[in-house]
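Down below is the structure, laid out as structure tokens.
Bear in mind that the values here come from a model prediction, so they are computed numbers and not experimental data.
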Amino acid sequence: MFQSAERDLVSDAQGGGAAVAKTVPTTARPSLLTLLRGGGIGYRLLALILLFSSAVTLISTVLQLYFDYRRDVSAIESRLDEIERSYLDSLAGSLWNVDAEQLRIQLDGILKLPDMQAVEVRETTVVDHPLLVTAGQRQSSSVLTRTIPLLYRERGESAQIGVLYAEATLTGVYRRLLDTTMVILISQGIKTFLVSLFILYIVFRLVTRHLMDFAEHVGGFDLRSPSPAIVLHRQAPAHADELDQVVGAFNAMSAGLRQAYDELSTVNAELEADIAARRLAECEVMRLNASLEQRVHQRTAELEAANQELGAFTYSVSHDLRAPLRRIEGFGQILVAEYADRFDERGSHYLDRIRAGARDMGDMIDSFLTLSRSTRGELTIEHVDLSAMAQDIVARLHEKEPDRTISIDIQPALGVDGDRRLLRAALDNLFDNAWKYSRGNETTVIAFGAHDEAGHTVYFIRDNGAGFDMKYADRLCTPFTRLHRAEEFEGSGIGLATVQRILARHGGRIWAAAADPGQGATFHFTCWEGKPVNGQS
């Protein structure tokens with residue numbers, strides 16, 4: 001039987017669409033004895049079958065022994081009943097006649113009945129020496145007893161003259177039950193063991209050996225190397241069973257896993273290539289950052305050198321250029337004072353032109369120095385009352401031209417955190433422009449206020465002066481750029497450029513708007529747009 005379990009039956013699984021491939025494992029096939037010795041499913045299955053069968057056998061044996069015991073006890077009780085029916089009258093007659101020999105013969109006959117242990121007849125009438133006849137030997141346990149009165153009937157009346165004591169032993173009953181128990185246990189045990197082995201063999205043939213092959217195949221399964229599909233080494237069933245479904249599901253799962261593994265390998269290769277490219281890009285970025293940092297250091301050094309040159313140039317402008325201008329202005333004054341009567345009208349005109357050019361050159365130098373100072377030095381941040389500052393600037397302008405008719409509207413309580421000196425220079429330039437370009441009007445109208453726009457405070461200075469053409473608005477803050485002729489309005493073209501640089505250092509900006517030339521202009525500016533005050537220098 002076990003040798004037949006070792007034969008390899010290789011066939012294609014049919015039905016149910018279970019996909020299998022023919023292959024013979026290279027390792028030895030597991031046997032039933034190996035399965036039992038290994039303590040696996042076969043061992044546990046055999047143990048469970050034996051345990052369950054033994055329990056069933058034990059219960060059935062107990063029930064059978066109980067019914068056999070009840071049957072034997074009932075037979076003994078029936079025998080006692082038979083003794084009472086058959087022997088009672090004859091025993092009573094022998095006792096009445098005081099025939100001890102006849103009583104002994106009758107008791108010996110009763111004792112020969114199955115399972116009878118002892119019998120006794122005892123006279124109960126009042127006599128000096130009551131008759132007592134016994135047969136057999138009493139025992140103290142495992143007995144059934146019965147005491148029956150002996151009655152003598154005469155002339156229609158009955159009187160008790162004695163008692164019959166009968167004792168039946170249960171030892172034979174117990175011996176028969178023991179023999180029955182041994183027979184049942186031995187026969188049932190052999191039958192249970194044989195049935196268990198047969199069931200185990202069937203389970204091994206149908207399930208367990210295939211599970212072991214399946215476990216061996218799964219244990220050697222490797223996604224990195226292709227392997228054949230798992231097979232069932234058995235005759236093909238008429239219809240696919242659970243094992244075919246498991247094999248088909250595993251083969252489908254392994255195919256899916258291999259496909260996913262191949263896709264994952266492809267993705268990993270692409271990721272590795274992408275990582276390599278990213279590393280190259282990072283190296284390139286680091287190289288570019290190093291080069292950029294070097295350029296920044298270089299440009300910073302160049303800027304510092306340029307600032308030093310600018311400082312030297314500013315010093316030269318403020319000292320070296322002013323000296324010739326002072327001499328020109330001084331000698332012009334001397335000419336006017338000592339030789340004015342010697343010049344004709346044309347000469348006097350030329351002399352005035354020379355002195356005016358020297359003054360313009362001085363004003364230009366002052367504006368240029370103001371522009372230079374606006375981009376240098378540390379900021380001293382404090383709260384500045386712009387409304388009060390604007391009032392002071394307008395009062396200074398009105399002192400120079402007290403005869404002008406003006407309408408000034410300054411919004412109260414306008415303030416900002418900033419450098420007081422630079423903000424004063426910015427407002428001076430803005431109000432100077434509004435005052436200058438409004439002088440042609442009968443009434444000068446200037447307004448200074450603020451409003452919120454996109455979460456920021458926007459300040460404005462509006463006038464009713466000459467205005468400008470909006471197509472030139474982007475040139476307003478370019479140094480030395482003028483949109484009007486010098487004969488119309490004086491100036492060097494530095495003021496708005498200075499204002500732009502001051503506001504830039506305060507984190508803000510400036511822009512202008514005008515309707516048409518002659519309709520006035522409005523200059524808007526902000527401070528600290530998206531930049532903390534404490535971060536300024």
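Of all heavy-atom pairs between Leu379 and Arg505, the closest is CD1-O, 3.5 Å. For the pair Ala426 and Ile502, the tightest heavy-atom approach, listed with the atom from each and the gap, is N-CD1, 3.9 Å. Ala450 approaches Gln411 most closely through the heavy-atom pair N-OE1, 3.1 Å. Here the closest heavy-atom approach between residue Asn251 and residue Ser254 is recorded as O-OG, 2.8 Å. When all heavy atoms of Ser387 and Ala413 are compared, the pair lying nearest together is OG-N, 3.3 Å. Minimum heavy-atom separation, Arg138 to Glu167: CA-OE2, 3.4 Å.
Within the model, atoms OG of Ser53 and CZ of Phe193 stand 11.5 Å from one another, a figure rounded to the nearest 0.5 Å. Considering CD1 of Ile83 and OG of Ser78, their distance stands at 11.0 Å, rounded to 0.5 Å. Atom CZ in Arg175 sits 11.0 Å away from atom CG in Asp72 (nearest 0.5 Å). Taken to the nearest 0.5 Å, the OG atom of Ser265 stands 9.5 Å off from the CD atom of Glu272. The distance from atom CG of Asp115 to atom CG of Leu80, rounded to the nearest 0.5 Å, is 9.5 Å. Going from atom CG of Leu65 over to atom CZ of Arg70 covers 14.0 Å, rounded to the nearest 0.5 Å.
Under the 4.5 Å side-chain criterion, counting only non-hydrogen atoms from C-beta, Phe448 is not in contact with Leu430. Between His506 and Trp528, some side-chain heavy-atom pair lies under the 4.5 Å cut-off. Residues Leu95 and Tyr152 are not in side-chain contact: their nearest non-hydrogen atoms beyond the backbone lie 4.5 Å or more apart. The side-chain heavy atoms of Leu280 and Glu284, taken from C-beta on, include no pair separated by under 4.5 Å. No side-chain heavy atom of Val499 sits under 4.5 Å from any side-chain heavy atom of Phe523. With a 4.5 Å cut-off on side-chain heavy atoms, Leu150 and Thr124 do not count as touching. Contact annotation: the side chain of Cys527 approaches that of Leu503 to within less than 4.5 Å [non-hydrogen atoms, C-beta and beyond].
Proximity of a side-chain donor or acceptor of Glu123 to a complementary backbone N or O of Leu131 within less than 3.5 Å is detected. Judged by distance alone, the side chain of Ser291 and the main-chain N or O of Arg287 form no donor-acceptor pair under 3.5 Å. A donor-acceptor pair under 3.5 Å is absent between the side-chain atoms of Asp385 and the main chain of Gly415, judged by distance alone. A donor-acceptor distance shorter than 3.5 angstrom exists from the side chain of Gln117 to the backbone of Gln137, with no hydrogens or angles considered. Checked by atom type and distance alone, the side chain of Ser142 never pairs as donor or acceptor with a backbone atom of Leu170 at under 3.5 Å.
Note on ring orientation: taking the six-membered ring where Trp is involved, the planes of Phe460 and His451 are tilted (angle from 30° to 60°). Ring geometry for His524 against Trp511 counts as parallel: the plane angle stays under 30°, on a 0 to 90° scale with 60° as the upper cut.
Ionic pairing of Arg278 and Asp274 is present here: one or more N-O contacts between side-chain nitrogen and carboxylate oxygen are shorter than 4.0 angstrom. Salt-bridge formation is detected for the pair Asp68/Arg71: a Lys NZ or Arg NE/NH1/NH2 atom is positioned less than 4.0 Å from an Asp or Glu carboxylate oxygen. Taking a cutoff of 4.0 Å between a charged side-chain nitrogen and a carboxylate oxygen, Arg424 and Asp392 qualify as a salt bridge. Taking 4.0 Å as the cut-off between side-chain N and carboxylate O, Arg279 and Glu282 do not count as a salt-bridged pair. Classification of Arg79 and Glu82 as a salt-bridged pair fails, no side-chain N sitting under 4.0 Å from a carboxylate O.
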_Please determine whether side-chain contact (heavy atoms from CB on, under 4.5 Å) holds for the pair Arg104 and Asp108, giving the CA-CA distance in whole Å, both sets of side-chain angles, and the decisive distance to 0.1 Å._
CA-CA 6 Å; Arg104 186 173 292 107; Asp108 289 337; 3.9 Å; yes
*asked:* Please determine whether side-chain contact (heavy atoms from CB on, under 4.5 Å) holds for the pair Met253 and Phe250, giving the CA-CA distance in whole Å, both sets of side-chain angles, and the decisive distance to 0.1 Å.
replied: CA-CA 5 Å; Met253 181 192 70; Phe250 178 80; 3.5 Å; yes
*Take Gln188 and Leu58, measure what side-chain contact (heavy atoms from CB on, under 4.5 Å) needs, and give me the verdict at the end.*
CA-CA 9 Å; Gln188 290 293 333; Leu58 181 60; over 6 Å; no
*Evaluate side-chain contact (heavy atoms from CB on, under 4.5 Å) for Asp452 paired with Thr457, printing each intermediate quantity in order.*
CA-CA 5 Å; Asp452 290 333; Thr457 301; 3.6 Å; yes
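Of the listed residues (Thr61, Ile190, Thr192, Thr180), just one forms a side chain to side chain contact (heavy atoms under 4.5 Å, CB included) with Leu185, and that residue is Thr61.
The environment of Arg146 atom CZ is dense: over 12 non-hydrogen atoms of other residues, nucleotides or ligands sit within 6.0 angstrom. Within 6.0 Å of OH in Tyr66 there are 12 or fewer heavy atoms belonging to other residues, nucleotides or ligands. The number of heavy atoms from other shown groups lying within 6.0 Å of CD (Gln298) is above 12. By the neighbour-count criterion of 12 heavy atoms within 6.0 Å, atom CD of Glu382 is densely surrounded, having more than that number from other residues, nucleotides or ligands.
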